[in-house]
Amino acid sequence: LWRFWGLAMAERTAIDQYRSQARGGKGVSAADTKEGDFLEQIFVASTHDYFLFFSDLGRCYWRKVYQLPLLARTARGRALANVIETQQEGERITAILRVPSFDDEGYVVTAPQQGQVKKTPLESYSRPKRGGIIAVGLDEGDRLISVGIVKPGETVVLGTRDGMAIRFAEDDVRAMGR
C-alpha cells in the first residue's frame, strides 16, 4: 500500500498492517496526520510494479515499488525530494502513475496548463534514466498539470478550476513520441 501526502511526502506500508473490517466495525486509522496535511492518493501495488512521477516541468522519474522506503502504518512518510533525488530546483511532482507492466496496451496522456494534450505509448516510458526523462516538451511558462493512463476505446475528460470540462475519445488524439 502506497500513500502520497499532498504529493510532497510518500510512504510504503505492508498491506497486512490493515485488518478486514466486520459488519459494524470501527475500522482502523489509516494514517496520523498533522495539521495542514492531507492524504492525496492511495495505491495498492505489488512490490514489482512501477511508479512514474511526473513533474510540473514535464520530466518523468521512475521507481520500482520495492525501492521506496517501507514505513509503519502511522508513520508520516518521507519527502519525495529524498525519494527522487535528482529533481531540479523549483520542480514539483504533479502526478503519480502506478504501472504494473509496460507491456500493457495503453497510452500516457499529458495535460499541460496551456491545454495542448499529448498521447504517448506507455512503452515509451519503459527505459528511464537516473536523472529522469523528458516526458513532454513544454513551451516557456507552461506547466504540466495532470497525467493519466488510457486504454484504447476509453474516454478522456478534462476539467478546469472554473468548472468547464471537455470530453473526447482517446483515439481523437494522435499518438506521438515523448
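Every heavy atom of this structure was used, including side-chain atoms; hydrogens, water molecules and symmetry mates were not.
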V150: partners by side-chain contact (heavy atoms from CB on, under 4.5 Å), with sequence neighbours left out
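Residues passing side-chain contact (heavy atoms from CB on, under 4.5 Å) with V150: Y107, V109, E154, V156, E170.
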Got a second to check how far [X]'s [atom1] is from [Y]'s [atom2], nearest 0.5 Å?
X	Y	atom1	atom2	value
L57	L144	CG	CG	9.0 Å
C60	L97	SG	CG	8.0 Å
L138	E140	CG	CD	10.5 Å

Give me the atom names and distance for the closest heavy-atom approach of [X] to [Y].
X	Y	answer
F102	L52	CZ-CD2, 4.1 Å
P112	D142	CB-OD2, 3.5 Å
L158	A111	CD2-CB, 4.1 Å
G141	Q113	O-OE1, 4.1 Å

With heavy-atom distances below 4.5 Å as the criterion, would you say the side chains of I133 and R59 are in contact?
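Heavy-atom side-chain distance check fails, nothing below 4.5 Å.
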Is there a side-chain contact between D49 and V99 (heavy atoms, below 4.5 Å)?
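Answer no - side chains too far apart.
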Applying a strict under-4.5 Å side-chain criterion to I, L, V, M, F, W and Y, I'd like to know whether [X] and [Y] cluster together.
X	Y	value
Y125	V136	yes
I145	V173	no
Y61	F54	no

Quick check against the 3.5 Å criterion: does [X] have a side-chain atom that pairs as donor or acceptor with the backbone of [Y]?
X	Y	result
R98	F51	no
D56	T94	no
R143	Q114	no

Can you list the residues that meet the side-chain hydrogen bond (donor to acceptor under 3.5 Å, both in side chains) rule with K118, with sequence neighbours excluded?
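Once residues adjacent in sequence are excluded, K118 has no partner under the side-chain hydrogen bond (donor to acceptor under 3.5 Å, both in side chains) criterion.
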Measure from the ring center of Y50 to the ring center of W62 and say whether it is less than 6.0 Å.
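Ring centres of W62 and Y50 closer than 6.0 Å.
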How about NZ on K64, more than 12 heavy atoms from neighbouring residues, nucleotides or ligands closer than 6.0 Å, or not?
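More than 12 within 6.0 Å, yes.
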